[in-house]
Protein chains: 2
Amino acid sequence: MAQYSAQLDDVFVALADPTRRGVVRRLGSGPASVGELAGAFPMTLPSFMKHVRTLESAGLIRTTKAGRVRTCVLNRQRLAVVEDWLAEQRDIWQQRTDRLEQFVTEEENSP
Amino acid sequence: MAQYSAQLDDVFVALADPTRRGVVRRLGSGPASVGELAGAFPMTLPSFMKHVRTLESAGLIRTTKAGRVRTCVLNRQRLAVVEDWLAEQRDIWQQRTDRLEQFVTEEENSP
DNA sequence: CGGATAGTTAGCGCAAGGGCTAACTATCGG
DNA sequence: CCGATAGTTAGCCCTTGCGCTAACTATCCG
């Protein structure tokens, strides 16, 4: 529950684009080359590559190059950053409802 | 598990900024006026208001104006959009590991 | 070797994002 | 009614994001 703010920023920014979410989704089913991935999106390769780099520097994917083909794999770990943030939100909200309950109880005891 | 893409985009974009995440976090503890919220961030009111509007049009918060003060409340429901997306990712990944297990099993049976 | 394939680099254009100031409106409180 | 308070609107600036073309590098294969 730390103050990941930098990571958090990169990850949310990376996911704030439909193309990049599409890549994450696709990679969920297993690794793929840049070319394979790019085929699913209506843009040129250089444009697509930028998305790949964004995802990689956010840590959401990892890539390796073998011969002339670069293979991308999902780094599921990184999605935990989002999960943790959501969990934190739930906690905060929970604390609030706890306070509300306590307040109501106190009111009942001293009306 | 539909194709929310538009909503999803708005919500992720909204959360891709530390100021806006800060507001969401703060509102988790209960409603607050624009002025109260703005006090926590190093920027002018007009700038801050843009973030409020972004959050509101993404559906993450709701605001109402009484007299001269506008009060903001968190719309927790909307965070479910993110939760659902994450759940979907987990599903996809799960399907993959299922296939892998099946593959391994088949290999064992016919070596 | 030589052509096809798979990325990569460089640079450009445009729209959007996020911040600011200045000036205005609309309460509220005395 | 008047001054202070709480937002709001308008417009400007600058950076970043995202898409494109053109040209280049680096394999792979026959």
Side-chain angles (χ1 to χ4, degrees), chain A residues 5-27 30-74 78 82, chain B residues 5-27 30-74 78 82:
Chain A
S5 199
Q7 283 188 16
L8 215 46
D9 241 53
D10 290 347
V11 171
F12 271 114
V13 166
L15 295 178
D17 177 279
T19 298
R20 292 189 294 257
R21 283 196 307 277
V23 172
V24 168
R25 171 194 293 248
R26 165 63 187 79
L27 291 180
S33 71
V34 168
E36 285 168 347
L37 292 171
F41 302 94
M43 69 182 65
T44 60
L45 239 197
S47 302
F48 184 75
M49 277 299 297
K50 287 194 185 173
H51 291 297
V52 171
R53 293 204 189 292
T54 300
L55 286 166
E56 187 169 20
S57 56
L60 284 166
I61 70 172
R62 289 168 187 279
T63 78
T64 52
K65 192 162 182 179
R68 61 184 167 174
V69 39
R70 179 173 294 279
T71 302
C72 308
V73 297
L74 185 59
R78 204 51 148 231
V82 179
Chain B
S5 198
Q7 282 189 15
L8 215 46
D9 241 55
D10 290 347
V11 171
F12 272 113
V13 166
L15 295 177
D17 177 280
T19 297
R20 292 191 294 257
R21 282 197 307 277
V23 171
V24 168
R25 171 192 294 246
R26 164 63 188 78
L27 291 181
S33 71
V34 168
E36 286 169 347
L37 291 171
F41 303 94
M43 68 182 68
T44 61
L45 240 197
S47 302
F48 184 76
M49 277 299 296
K50 287 194 185 175
H51 291 297
V52 171
R53 292 201 193 294
T54 300
L55 286 166
E56 186 168 21
S57 57
L60 284 166
I61 70 174
R62 290 168 185 279
T63 79
T64 52
K65 192 162 182 179
R68 60 182 168 176
V69 37
R70 178 173 296 278
T71 301
C72 309
V73 296
L74 185 60
R78 203 50 146 232
V82 179

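Quick note on labels: first sequence line is chain A, next is B, and so on, each numbered from 1. Keep in mind that the numbers below use all heavy atoms, side chains included, and drop hydrogens, waters and symmetry copies.
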Answer yes or no: does a side-chain N or O of B:R53 lie under 4.0 Å from OP1 or OP2 of D:dG7? no
With a 4.5 Å limit on heavy-atom distance, are the side chains of B:L60 and B:L27 in contact? no
Separation of atom CE in B:M49 from atom C1' in D:dA10, rounded to whole Å: 14 Å
The helix from C:dC1-D:dG30 to C:dG30-D:dC1: angle between end helix axes, five pairs per end, rounded to 10 degrees: 30°
What is the ring orientation for A:F12 with B:F12, classed by angle as parallel under 30°, tilted 30 to 60°, or perpendicular over 60°? tilted
Donor-acceptor contact present, side-chain B:R78 to main-chain B:Q7, <3.5 Å: no
Please say whether more than 12 non-hydrogen atoms of neighbouring residues, nucleotides or ligands are located less than 6.0 Å from CZ in B:R62. no
Side-chain heavy atoms of B:D10 within contact of B:S57, under 4.5 Å: no
Please tell me if the side chains of B:R20 and B:T54 come closer than 4.5 Å, counting only heavy atoms from C-beta onward. yes
For residues B:L55 and B:T63, determine if any side-chain heavy atom of one lies less than 4.5 Å from a side-chain heavy atom of the other. no
Separation of atom CG in A:D9 from atom P in D:dG17, rounded to whole Å: 11 Å
Donor-acceptor contact below 3.5 Å, side chain A:R70 vs main chain A:V34: no
Could I get a table of every N or O pair under 3.5 Å where one atom is in the protein and the other is in nucleotides 18-24 of chain D?
from	atom 1	to	atom 2	distance (Å)
D:dC18	OP1	A:R20	NH2	3.3
D:dC18	OP2	A:R20	NH1	3.1
D:dG19	OP2	A:H51	NE2	2.4
D:dG19	O6	A:K50	NZ	2.9
D:dC20	OP2	A:T44	N	2.8
D:dC20	OP2	A:T44	OG1	3.1
D:dC20	OP2	A:S47	OG	3.0

B:F12 CZ to D:dG17 C1': how many Å, rounded? 18 Å
Does the side chain of B:P46 come within less than 4.5 Å of B:M49's, by heavy atoms? no
Any A:R21 side-chain heavy atom under 4.5 Å of B:S5 side chain: yes
So which of residues 59-72 of chain B are in contact with DNA chain D, with a heavy-atom cut-off of under 4.0 Å? B:K65, B:R68, B:V69, B:R70
